[in-house]
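As structure tokens, the structure follows; a few thoughts come after it.
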Amino acid sequence: MLIRFWGTRGSLPIALTAPQVQAKVAQALLAASGRQFQDLAAASAFAASLPFAVTRTFGGHSSCVEIELKPADGGSHEYVICDLGSGVRPFGSSVIAHQGVTTPNVYHVFMSHLHWDHIMGFPLFTPAYIAGNLIRIYGCHQNLEAAFRAQHGAPSFPVDFSQLAARIEFVALTPGEEVTVAGLKVLPKEQLHAGGSYGYRFEHAGKVCVYSTDSEHKLDDAEVTDAFIEFFRDADLVIFDAMYSFAEAISVKEDWGHSSNVVGVELCQLANARRLALFHHEPIHDDTRIANIEAETRRFEEITRVDAAPLDVFAAYDGFEIRL
Amino acid sequence: MDLRPRRIGDVIVLGPAGRVDHLNADDFREAVEPHLAQCEAGGASLLFDLSGLEYISSSGLRVLMIAAKLSKPRGGRIAVAAPRPVVAEVLEISRFNLVFPVHASVADAVQSLASE
């Protein structure tokens, strides 16, 4: 199971500004300190050796994560993704770059919820405009189809939903009821978020990935907390909404529907999960801030581990992939 | 949970010890609650002496936040003091150091609360 992150930003897509890019270049030039590079590859290798936030970026696309079971170049024409944030646009472009426009594909899409940052990429998802493709959108919200139709047409978008050439189907799921899709066992779980959101536990060939974004944890009900621990139990990867600091999440941003790095670590430790991906990054955080949060979270995991096995913590970024 | 409450002037000092986590956070909350009524404008301040605390989880921190939410609107003052290095790190990483004044010692905290 390969997990590929196409969009990791929360709430609103962002892009680096010119001053931010200039600052990165300036820091890299300082670090180079007069070094000479024979070619672009040598310069690129040096850039890769510098801190992530200096030469790269966590990215700015809103939520979209791919779960790959078989590589596309292995003849697979079936894709599984979570959410249709703006990250689905580069995902769609990548598929077309690899398969061409004439190859029919099947896309299985699991929706956490229908807030705009999680559906906004669909009008610009090129495969939806190509006849022969099948797009199955799974979700637990009763207004699943209505939400997509509402954003896909006047006055919000020039192309009406009815003009999409691909076959598009909406599949209603029920929280707590497992389904099998594309060889994956999928278990939806209700989460705390305005309008409701749903996490998904994906299992295949002994590997488990949990996608749990836009999920607030109140910690005031042991049964609710225990249910999440079971949902995360023994996961190889938990993709977790860590948008706020813990203090923010339970004070000024209480009831905003998001969680923190601290709660992510604790739930994963209690669940014996192996990896934690900090996800749904706060849009006002720059790369340095997210890198600092990543470092702090690793330290938090280290000082709270006690006798448990180490939990691998990382901040997800657009373009990152990890094999489970 | 015995918080060994003591009073220094107008400051009520509570001293949680050992670990406070999801297993005993409710006990911690129940032990703190009786002292909140006195924590208001013109009344006593509440000081958590963390010197005996080995670890506090998010569930325990939540109790501190509840204490702050209940007291601050009434003009009550809450502070924490003397956290061990690990607990001090937890306070920083969770950003609770931005919620409460974190003092190096109980004496420093009492002096600071008295001068406010």
Side-chain angles (χ1 to χ4, degrees), chain A residues 216-230 232 240 242-255 258-271 276 278 282 285 289-290 292-308 313 315, chain B residues 1 16 18-33 36 39 46 48 50 53-74 76-80 83-102:
Chain A
E216 183 168 356
H217 296 271
K218 291 275 194 181
L219 308 174
D220 58 354
D221 186 327
E223 278 188 30
V224 172
T225 302
D226 287 346
F228 272 97
I229 293 168
E230 286 311 306
F232 293 177
F240 190 84
M243 190 167 180
Y244 303 140
S245 71
F246 179 59
E248 284 178 319
I250 66 169
S251 58
V252 291
K253 294 176 180 175
E254 187 176 20
D255 296 325
H258 298 286
S259 190
S260 65
N261 55 343
V262 165
V263 171
V265 168
E266 289 184 351
L267 289 176
C268 284
Q269 287 173 331
L270 291 167
L276 167 64
L278 307 177
E282 163 70 80
H285 288 174
R289 181 81 175 269
I290 296 173
N292 287 342
I293 291 170
E294 181 185 53
E296 284 183 325
T297 311
R298 286 174 172 159
R299 175 62 183 159
F300 180 76
E301 186 278 331
E302 185 183 358
I303 63 177
T304 58
R305 187 184 304 155
V306 194
D307 298 325
V313 177
Chain B
M1 182 181 290
R19 291 177 63 87
V20 175
D21 57 23
H22 69 292
L23 297 175
N24 62 358
D26 282 345
D27 295 338
F28 181 42
R29 178 178 51 78
E30 288 171 9
V32 169
E33 277 175 351
L36 293 178
C39 186
L46 204 55
F48 290 90
L50 304 184
L53 195 63
E54 296 167 8
Y55 173 67
I56 185 166
S57 76
S58 57
S59 300
L61 291 171
R62 182 175 165 272
V63 175
L64 297 181
M65 184 63 82
I66 290 171
K69 283 181 177 176
L70 292 174
S71 302
K72 285 187 175 177
R74 304 199 310 263
R77 291 169 300 169
I78 292 184
V80 301
R84 296 182 183 188
V86 165
V87 173
E89 277 197 84
V90 170
L91 293 172
E92 286 177 18
I93 292 169
S94 64
R95 303 290 185 263
F96 264 65
N97 59 332
L98 304 178
V99 178
F100 305 102
V102 180

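By convention in this document, chain letters (A, B, ...) are assigned in the order of the sequence lines, proteins followed by strands, and residues within each chain are numbered from 1.
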Requested in this report: Measure distances from V265(A) to the heavy atoms of chain B and classify the residue's part below 4.5 Å as side chain, backbone, both or neither.
Outcome: neither

Which donor-acceptor pairs fall under 3.5 Å between chain B and chain A:
unit_1	atom_1	unit_2	atom_2	d
Y55(B)	OH	E266(A)	OE2	3.3
S58(B)	N	E266(A)	OE1	3.3
S58(B)	N	E266(A)	OE2	2.8
S58(B)	OG	E266(A)	OE1	2.2
R62(B)	NE	K218(A)	O	3.1
K69(B)	NZ	I250(A)	O	2.6
K69(B)	NZ	E254(A)	OE1	2.5
E89(B)	OE1	R299(A)	NE	2.7
E89(B)	OE2	R299(A)	NE	3.1
E89(B)	OE2	R299(A)	NH2	2.6
S94(B)	O	A247(A)	N	3.0
R95(B)	NH1	E296(A)	OE1	3.2
R95(B)	NH1	E296(A)	OE2	3.2
R95(B)	NH2	E296(A)	OE1	2.9

Query - V99(B), part contacting chain A, at a heavy-atom distance under 4.5 Å - result: side chain

Query raised in the report: When only pairs under 4.5 Å are counted, which of V306(A), L270(A), V263(A) shares the most heavy-atom pairs with chain B?
Result: L270(A)

Query raised in the report: With side chains defined as the heavy atoms from C-beta onward, is the minimum distance between I250(A) and F96(B) less than 4.5 Å?
Result: yes

